[in-house]
Amino acid sequence: MSEQPIIRRRQVKTGISDARVNNAKTQSQYQPYKDAAWGFINHWYPALFSHELVEDQVEGIQICGIPIVLRRANGKVFALKDQCLHRGVRLSEKPMCFTKNTISCWYHGFTFDLESGKLVTIVANPDDKLIGTTGVTTYPVHEVNGMIFVFVREDDYPDEDVPPLAQDLPFRFPERSEQFPHPLWPASPSLLDDNAMVLGMHRTGFGNWRIACENGFDNAHILVHKDNTIVHAMDWVLPLGLLPTGDDCISVVEEENGPKGLMQWLFTDKWAPVLENKELGLKVEGVNGRFYRTSVVLPGVLMVENWPGDHMAQYEWYVPITDDTHEYWEIIVRVCNTEEERTKHQYRFDRVYEPLCLHGFNDCDLYAREAMQNFYYDGTGWDEEQLVATDVSPITWRKLASRWNRGIAKPGRGVAGAVKDTSLIFKQTADGKRPGYKVEQIKD
Amino acid sequence: MSEQPIIRRRQVKTGISDARVNNAKTQSQYQPYKDAAWGFINHWYPALFSHELVEDQVEGIQICGIPIVLRRANGKVFALKDQCLHRGVRLSEKPMCFTKNTISCWYHGFTFDLESGKLVTIVANPDDKLIGTTGVTTYPVHEVNGMIFVFVREDDYPDEDVPPLAQDLPFRFPERSEQFPHPLWPASPSLLDDNAMVLGMHRTGFGNWRIACENGFDNAHILVHKDNTIVHAMDWVLPLGLLPTGDDCISVVEEENGPKGLMQWLFTDKWAPVLENKELGLKVEGVNGRFYRTSVVLPGVLMVENWPGDHMAQYEWYVPITDDTHEYWEIIVRVCNTEEERTKHQYRFDRVYEPLCLHGFNDCDLYAREAMQNFYYDGTGWDEEQLVATDVSPITWRKLASRWNRGIAKPGRGVAGAVKDTSLIFKQTADGKRPGYKVEQIKD
Amino acid sequence: MSEQPIIRRRQVKTGISDARVNNAKTQSQYQPYKDAAWGFINHWYPALFSHELVEDQVEGIQICGIPIVLRRANGKVFALKDQCLHRGVRLSEKPMCFTKNTISCWYHGFTFDLESGKLVTIVANPDDKLIGTTGVTTYPVHEVNGMIFVFVREDDYPDEDVPPLAQDLPFRFPERSEQFPHPLWPASPSLLDDNAMVLGMHRTGFGNWRIACENGFDNAHILVHKDNTIVHAMDWVLPLGLLPTGDDCISVVEEENGPKGLMQWLFTDKWAPVLENKELGLKVEGVNGRFYRTSVVLPGVLMVENWPGDHMAQYEWYVPITDDTHEYWEIIVRVCNTEEERTKHQYRFDRVYEPLCLHGFNDCDLYAREAMQNFYYDGTGWDEEQLVATDVSPITWRKLASRWNRGIAKPGRGVAGAVKDTSLIFKQTADGKRPGYKVEQIKD
């Protein structure tokens with residue numbers, strides 16, 4: 001026992017390998033993306049479905065740490081910063097509108113013009129010298145085919161620079177059919193098409209928007225879905241995964257005045273299905289899946305073409321609420337030119353697509369995203385993840401998002417989620433309420 | 001598309017306006033108030049109603065981040081620091097008193113003299129050299145008309161300097177009748193009057209004590225109450241608000257040896273009712289309200305004279321528990337000289353004042369205060385709020401409080417709420433328990 | 001009133017007394033212990049009872065901030081770091097094992113060898129260059145008499161240096177009978193004995209592991225138990241406490257290759273029962289208790305000999321999960337050589353020891369530990385506690401633990417509890433779930 005043993009340190013094979021594809025140099029190419037915990041600002045985001053905001057209704061939401069109040073007046077939707085410039089309460093908590101073109105704060109009557117955001121009067125102080133000298137930021141709104149989009153911007157982002165909504169939406173067809181042909185389906189429908197029918201849902205995901213977004217077009221996560229009911233109901237036989245066959249497996253799109261994003265050449269010879277893993281004794285025969293193609297554009301919009309059925313496209317957004325919550329949007333777009341088509345599609349949506357796809361299938365994705373949250377939230381994951389060949393998709397996305405975003409949102413200040421551990425949040429939590437996207441309004 | 005457009009930055013009207021009344025110079029005059037997140041120390045605060053502490057009962061509370069244990073022995077109430085000097089547990093969690101003049105720690109038997117706080121013995125270690133060399137801080141107690149007040153002090157604040165309770169209570173009448181006459185009601189009753197009957201309640205508010213306090217005497221928040229049942233039950237017709245007519249709308253009281261505070265000349269010609277807002281097409285006719293007058297004194301005590309009924313005054317405290325919770329006290333004071341008067345008043349309190357005023361009417365205030373919490377908690381609101389003419393009340397209060405407070409409480413250490421996100425709090429929250437004021441005692 | 005009174009500052013007797021035994025010099029002798037908020041690493045800890053991990057079962061736990069996945073394959077238990085090196089999800093959340101000697105990540109199919117932790121394949125990417133170049137840390141496992149122990153180590157701690165389990169378990173008898181004789185009972189049973197029957201339970205305690213641990217062998221906390229049912233059911237009459245009679249009341253054990261710890265000479269003449277406290281008028285007559293002896297060894301294992309019945313020993317661990325949660329283990333060890341003895345012991349355990357001792361009696365300890373958490377969590381308690389003669393036990397422990405621990409665990413990174421106030425935790429809390437030890441698995 002008195003002899004000092006010679007300690008032989010083993011060769012450690014548990015550290016970060018030089019063989020990972022995201023080495024320091026690669027990471028430096030997407031540093032802006034690593035900084036964008038609160039999202040990219042000066043972009044179009046979905047705010048609400050049209051049916052969630054009927055005439056004179058007021059709703060409060062939060063995007064990229066910015067509180068936003070929406071009101072529909074005379075059919076038109078307006079969006080303003082939802083934080084009274086006086087004492088900071090949210091206008092949406094207890095909506096008070098005396099005219100069709102204003103919204104007043106329920107606390108002290110500060111009244112803002114819906115169109116310009118200017119402080120136009122104070123209910124019981126109509127001659128105050130502050131009136132006319134200040135206001136709240138307004139956000140451009142675009143409503144189309146049942147969806148309300150808001151251009152979430154910095155306070156000094158000029159109206160003149162607001163791009164059209166189409167620049168922040170997925171690639172459109174047939175205008176891109178030549179650029180991105182696919183032999184297996186006709187031109188995919190777009191949200192902006194005439195008679196586009198949009199059905200879907202949105203809910204809060206409890207993780208950062210980036211790790212949510214990266215899951216959507218990740219070609220290596222097919223395993224997560226192998227036990228889903230839709231897969232078995234359809235008698236699909238999925239491959240183990242898809243592998244890129246060369247550098248041209250993804251096209252990056254960076255044309256001026258168009259959406260910035262990437263298109264993946266899935267179900268072409270640029271991605272090979274993997275049918276066997278000898279090490280594990282796995283072998284797939286008679287592959288029989290659904291063909292689809294994924295693309296993603298800034299500020300983080302997924303399109304899955306030819307999914308979940310023929311003549312359809314699924315869009316997804318992962319709208320940043322705070323740095324650790326996002327609003328997960330899933331919609332299915334289909335052009336329905338007759339009332340009969342609409343009725344039939346709605347019926348199938350209610351019975352198949354919503355329960356088995358938007359839930360069911362995509363519930364698994366929601367779970368997978370939350371499962372990454374601890375690893376990434378304190379920065380560990382961003383530095384230490386070990387990515388591989390199939391991660392060409394997120395890496396390409398990170399780089400292009402770093403180059404083309406219109407601004408990195410600053411951490412929220414003076415808003416819900418800026419400080420996460422206030423007693424007010426504990427009170428709400430004790431009452432069974434989770435952090436969320438919409439403002440809960442007071443009932444008198 | 002190849003032409004670079006000329007970007008015209010718009011004239012932003014959404015920033016902080018030079019026309020706000022709380023410019024940097026004004027803010028510097030109340031910097032101590034901005035620093036007082038944990039409250040003002042070395043002041044008298046209400047701790048419990050007398051009926052909450054019967055003979056031999058022990059209760060633990062927290063004020064200004066200081067844990068305090070109260071015990072009634074031989075009718076007298078004692079208050080000590082509620083943190084055993086040995087291992088820091090709260091004596092009140094499992095009260096153990098072997099004699100009428102001591103309290104012992106339930107964990108290791110450290111025993112303190114109720115009067116002096118000295119460590120007088122250790123149950124199973126009666127000869128330890130620590131005994132007699134240390135102790136816990138005691139807090140002077142004043143019990144009057146059903147309320148127990150505690151002088152919450154720093155550990156080295158001398159007994160000799162403790163002021164009488166009256167210095168931290170609202171202005172008394174008729175001694176102030178000449179200074180503050182009011183034609184519409186007789187001299188207001190005081191908590192300290194003989195036969196004063198005190199009825200009320202207290203509960204935890206989830207926001208900083210200062211934003212709670214400022215709501216109480218804010219003359220511009222009348223809108224919040226327009227739909228309250230008491231207003232309609234009484235057929236009141238409220239003006240839109242009240243506007244100061246000159247610099248003398250508020251009197252500041254800073255006499256030596258008296259309470260330091262402000263008195264507002266409401267329902268005199270120094271405040272004009274606003275009956276119309278042309279911009280919004282609002283007009284009030286046949287105003288028919290209840291006349292009242294508000295004043296506030298350090299450490300943050302509101303008095304509403306002639307409210308909620310004749311011969312009454314409502315007092316409120318916003319006792320700091322932590323930097324983001326306060327105990328909200330509401331009491332109604334009325335002098336009742338006969339048993340019959342007392343019975344009658346109690347009856348009306350139970351059926352009208354408690355449900356419709358202390359709840360009902362004041363529930364709206366509680367909500368409004370919590371609505372400001374996000375804006376102020378991380379400092380944003382204190383710097384960026386844009387105050388107007390009617391905010392003369394809070395600004396006057398902030399300045400005088402900055403001049404006359406007896407100390408700024410240090411952030412809590414080693415106590416509940418010093419760190420807000422411990423797993424212990426998450427455990428309690430998961431069990432449905434909100435952060436609060438009173439210690440929950442263990443049942444064996 | 002115009003005369004300025006002479007302010008006499010009182011002699012404060014509420015500060016930290018020079019008579020406390022843990023002065024600055026003493027504290028410096030256990031600084032490493034003060035730094036060990038996340039536990040001591042490179043030690044053996046209990047992970048699960050054997051019956052919690054049947055063949056092919058997978059469970060995830062967390063010790064010292066390290067996520068660990070356990071799997072039983074062909075009867076043998078394996079333990080690996082439970083954080084996929086790819087995107088950081090926990091393997092245990094949705095166990096996926098294709099072979100008996102691997103575990104695969106359910107998200108992207110990264111597959112690890114159970115024995116070595118090496119990345120041996122990726123389900124759908126079997127030729128990736130990362131394979132074979134990296135892996136996850138493995139943890140040595142020792143399963144004995146119904147308990148699974150894991151050697152929780154730093155990533156680069158060599159296999160060769162892993163000590164036998166016995167070095168991190170309580171002193172064994174009869175091999176120590178000469179060193180630590182006790183006249184009142186025969187040699188105590190050990191967990192490692194042939195035919196040792198181990199019955200017990202584990203649950204999460206909401207406080208730091210150190211303050212939990214110190215309670216176990218603290219001879220001055222007897223008061224906490226005076227009202228326990230087991231005490232009265234047994235007609236025990238407890239002394240007020242136990243006082244050391246000299247410097248030799250505790251033996252420190254620091255032999256090479258053995259457990260490092262301390263043995264207390266309870267119920268010998270080195271500790272005197274205290275029967276009276278004159279100051280408080282307390283006197284105990286006819287003392288009639290249960291004789292026992294406590295010892296503690298690194299990394300924090302309590303043994304109570306001759307407790308809770310004859311021929312038994314109770315062991316306890318306070319396994320660090322994070323810096324503010326620990327897994328509280330209580331087991332009772334008894335050698336049962338026949339099936340009849342086992343059956344009889346199980347019967348008595350179910351009816352007496354589990355409800356009245358492990359619960360009942362020890363529930364009080366659990367409470368007491370949580371009661372200290374606020375004082376110690378922000379560091380206040382570690383600096384300001386005022387310890388006395390009877391605290392010789394924790395002080396001795398702190399010093400020896402500072403000298404002999406095999407490493408101080410670093411604060412958790414990228415794991416549950418590294419950041420405590422994420423919205424993900426608030427979501428779980430709103431759903432009524434407390435922070436805990438075991439990973440909750442997804443049901444498809």
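In what follows, every heavy atom counts, from backbone to side chain, and hydrogens, waters and symmetry copies are set aside. Keep in mind that what you see is a predicted model, and the values were worked out from it rather than measured. First the proteins, then the strands, lettered A, B, ... as listed; each starts at 1.
- No donor-acceptor distance shorter than 3.5 angstrom exists from the side chain of B:N277 to the backbone of A:A124, with no hydrogens or angles considered.
- Here the side chains of A:W106 and B:V224 are in contact, with some heavy-atom distance below 4.5 Å.
- Around atom CD of A:Q441, more than 12 heavy atoms belonging to other residues, nucleotides or ligands sit under 6.0 Å away.
- What you find for A:K129 and B:A19 is that their closest heavy atoms are CE-O, 3.4 Å.
- Within 6.0 Å of the CD atom in A:E55, the count of heavy atoms belonging to other residues, nucleotides or ligands exceeds 12.
- Separating the CZ atom in A:F110 from the CD atom in B:Q386 is a distance of 8.5 Å, to the nearest 0.5 Å.
- For the residue pair B:S17 and A:T133, a side-chain donor N or O sits within less than 3.5 Å of a side-chain acceptor on the partner.
- Side-chain contact check for A:H108 and B:D218: at least one donor-acceptor pair (N or O, by modelled atom type) lies under 3.5 Å.
- For A:L119, no part lies under 4.5 angstrom from a heavy atom of chain B.
- Heavy atoms of A:T102 lying under 4.5 Å from chain B belong exclusively to its side chain.
- With a 4.5 angstrom heavy-atom cutoff, B:Q373 touches chain A only via side-chain atoms.
- Most heavy-atom pairs under 4.5 Å with chain A: of the set B:L280, B:T322, B:D363, this distinction falls to B:L280.
- Distance alone, capped at 3.5 Å, places no donor-acceptor pair between the B:D324 side chain and the A:T422 backbone.
- Interatomic distance, A:F426 CZ to B:Q428 CD, rounded to the nearest 0.5 Å: 9.5 Å.
- The choice from B:I211, B:N215, B:N22, B:D18 that makes the most heavy-atom pairs within less than 4.5 Å of chain A is B:N215.
- Only the side chain of A:Q83 comes within contact range of chain B, judged by heavy atoms closer than 4.5 Å.
- Proximity to chain A is limited to the side chain of B:L282, based on heavy atoms less than 4.5 angstrom apart.
- Considering only heavy-atom pairs separated by less than 4.5 Å from chain B, the leading option among A:M96, A:K420, A:R90 is A:M96.
- Heavy atoms of A:V123 lying under 4.5 Å from chain B belong to its backbone as well as its side chain.
- The candidate with the highest count of non-hydrogen atom pairs below 4.5 Å against chain B, out of A:G109, A:P67, A:G412, A:A416, is A:A416.
- In this structure, A:K100 places its NZ atom where more than 12 heavy-atom neighbours from other residues, nucleotides or ligands lie under 6.0 Å away.
- Between the NE2 atom of B:H221 and the CZ atom of A:R87 there is a distance of 11.5 Å, given to the nearest 0.5 Å.
- Of the listed residues (B:L387, B:I222, B:T325), the one with the most heavy-atom contacts under 4.5 Å to chain A is B:L387.
- Going from atom CD of B:E279 over to atom CG of A:D127 covers 11.0 Å, rounded to the nearest 0.5 Å.
- Paired with A:D128 under the rule side-chain contact (heavy atoms from CB on, under 4.5 Å), one option of B:V388, B:V21, B:L243 passes, and it is B:V388.
- In terms of non-hydrogen atom pairs under 4.5 Å with chain A, the most contact-rich of B:G432, B:P239, B:G241 is B:G432.
- Between the side chain of A:D155 and the backbone N or O of B:G15 there is no donor-acceptor pair closer than 3.5 Å.
- The OH atom of A:Y107 sits 7.0 Å away from atom CG of B:D365, with the distance rounded to the nearest 0.5 Å.
- Contacts between B:K278 and chain A at a heavy-atom distance below 4.5 Å are absent for every atom of the residue.
- Contacts between B:L223 and chain A at a heavy-atom distance below 4.5 Å involve backbone atoms as well as side-chain atoms.
- Of the two parts of A:T99, only the side chain, counted from C-beta on, holds a non-hydrogen atom closer than 4.5 Å to a non-hydrogen atom of chain B.
- In this structure, A:N125 CG and B:N219 CG are separated by 11.5 Å, a value rounded to the nearest 0.5 Å.
- Here the closest heavy-atom approach between residue A:K427 and residue B:P435 is recorded as N-CD, 4.3 Å.
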Stepwise side-chain contact (heavy atoms from CB on, under 4.5 Å) test for A:H86 and B:D391: CA-CA 10 Å; A:H86 179 222; B:D391 291 310; 2.6 Å; yes

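- Under the 3.5 Å distance criterion, the side-chain polar atoms of A:S423 are left unmatched by any main-chain donor or acceptor of B:G207.
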